[in-house]
Amino acid sequence: MNIESTLKEAMAIDGALGVAVVDYESGMSLGVLGGGPQLDLELAAAGNTEVVRAKQRTLKSLGLQEEIEDILITLGQQYHLIRPLASVRGSLFLYMALDRSRSNLALARHRLKALEGTLEV
């Protein structure tokens with residue numbers, strides 16, 4: 001599946017507010033879908049590159065030989081999921097914002113993992 005198809009599939013997840021495929025080395029989005037006046041996906045995606053970089057530096061400093069599966073940021077009304085794409089070469093991650101009242105976090109995580117396996121860049 002290409003980036004556009006992956007984004008469309010991700011937006012079908014219950015409670016999805018927006019989704020992006022982001023390169024954390026450059027901070028650039030390769031594709032975004034959703035968002036709006038209350039959620040600037042380009043800005044959020046760029047900002048979350050710093051989250052991914054910081055966590056990777058921390059793992060390296062701790063000497064942990066682990067890969068990040070996903071990072072969850074819980075807000076009062078939203079969940080923000082960051083999933084580095086281990087199955088894709090390079091430095092990409094999926095970023096998704098979910099409406100907390102309309103989403104199932106476990107199901108969303110499971111669906112993003114499945115989408116990661118089908119994404120071709």
Side-chain angles (χ1 to χ4, degrees):
M1 217 181 323
N2 64 20
I3 290 174
E4 184 179 336
S5 299
T6 299
L7 295 174
K8 287 179 183 176
E9 288 285 326
M11 284 301 293
I13 296 171
D14 287 342
L17 298 172
V19 64
V21 175
V22 185
D23 180 333
Y24 64 79
E25 286 183 358
S26 69
M28 299 295 292
S29 297
L30 303 180
V32 297
L33 192 59
Q38 302 298 320
L39 179 61
D40 181 338
L41 279 175
E42 292 284 345
L43 180 61
N48 281 312
T49 62
E50 294 303 319
V51 173
V52 174
R53 290 176 191 160
K55 190 59 188 173
Q56 288 181 327
R57 281 192 306 269
T58 302
L59 290 175
K60 186 176 179 180
S61 295
L62 293 170
L64 296 176
Q65 301 299 315
E66 298 280 343
E67 295 292 322
I68 299 169
E69 242 182 75
D70 56 25
I71 299 168
L72 170 64
I73 299 169
T74 306
L75 304 176
Q77 296 179 13
Q78 297 176 358
Y79 293 124
H80 290 234
L81 283 172
I82 301 167
R83 182 165 187 88
L85 300 176
S87 64
V88 178
R89 292 189 152 224
S91 55
L92 303 180
F93 67 90
L94 274 170
Y95 165 65
M96 172 170 256
L98 297 155
D99 180 322
R100 215 172 144 161
S101 67
R102 298 184 303 122
S103 63
N104 177 316
L105 182 57
L107 194 56
R109 289 180 68 221
H110 176 73
R111 190 68 187 119
L112 281 183
K113 182 178 181 180
L115 287 172
E116 173 190 358
T118 64
L119 177 63
E120 295 176 10
V121 178

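Under a cut-off of 6.0 angstrom, the local environment of CE in Met11 is crowded, with over 12 non-hydrogen atoms contributed by other residues, nucleotides or ligands.
In the hydrophobic clustering of ILVMFWY residues, with side-chain heavy atoms under 4.5 Å counting as a link, Tyr24 and Leu30 come out apart. In the hydrophobic cluster analysis, where Ile, Leu, Val, Met, Phe, Trp and Tyr join through side-chain heavy atoms closer than 4.5 angstrom, Leu85 is grouped together with Leu7. Hydrophobic clustering of Ile, Leu, Val, Met, Phe, Trp and Tyr side chains at less than 4.5 Å, counting indirect connections, keeps Tyr95 apart from Leu105. Neither Ile13 nor Val22 shares a network with the other; the hydrophobic side chains, linked directly or stepwise wherever heavy atoms of I, L, V, M, F, W or Y lie under 4.5 Å apart, form separate groups for each. Hydrophobic clustering (ILVMFWY, side-chain heavy atoms < 4.5 Å, transitive): Val32 and Ile73 are in one cluster.
Taking all atoms of both residues into account, the shortest heavy-atom contact from Leu98 to Met96 is CD2-SD, 3.7 Å. What you find for Glu69 and Pro84 is that their closest heavy atoms are O-CD, 3.8 Å. For Arg111 against Glu9, the heavy-atom pair with the smallest separation is NH2-OE1, 2.9 Å. When all heavy atoms of Asp99 and Ser103 are compared, the pair lying nearest together is O-OG, 2.8 Å. Counting all heavy atoms, side chain and backbone alike, Gly35 lies closest to Leu41 at N-CD1, 3.7 Å. Residue Ala20 comes nearest to Ala45 through the heavy atom pair CB-CB, 4.3 Å, listed as atom of the first residue, atom of the second, then distance.
A 4.5 Å side-chain heavy-atom check between Lys8 and Leu33 finds at least one atom pair inside the cut-off. By the 4.5 Å heavy-atom criterion applied to side chains, Ile82 and Val51 are counted as neighbours. The closest side-chain heavy-atom distance from His80 to Leu39 is below 4.5 Å. Inter-residue side-chain proximity for Leu119 and Ile3 is flagged as met; some heavy-atom pair is nearer than 4.5 Å. Looking at Leu81 and Leu72, their side chains come closer than 4.5 Å, going by heavy atoms from C-beta outward. Between Val52 and Gln56, the closest side-chain pair of non-hydrogen atoms falls below 4.5 Å. The closest side-chain heavy-atom distance from Asp14 to Arg102 is not below 4.5 Å. Under the 4.5 Å side-chain criterion, counting only non-hydrogen atoms from C-beta, Leu94 is in contact with Val21.
In terms of modelled atom types and a separation under 3.5 Å, the side chain of Arg83 and the main chain of Phe93 share no donor-acceptor contact. Panel note: side chain Arg109, backbone Asn104; no donor-acceptor pair is recorded below 3.5 Å.
Look at Glu116 and Lys113 and you find no salt bridge, because none of the NZ, NE, NH1 or NH2 atoms lies under 4.0 Å from a carboxylate O.
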Next item on the list: Please lay out, stage by stage, how Asn48 and Ile71 fare under the test side-chain contact (heavy atoms from CB on, under 4.5 Å).
Entry: CA-CA 10 Å; Asn48 281 312; Ile71 299 168; over 6 Å; no
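Atoms CG and CZ, from Leu62 and Arg57 in turn, are 12.5 Å apart once rounded to the nearest 0.5 Å.
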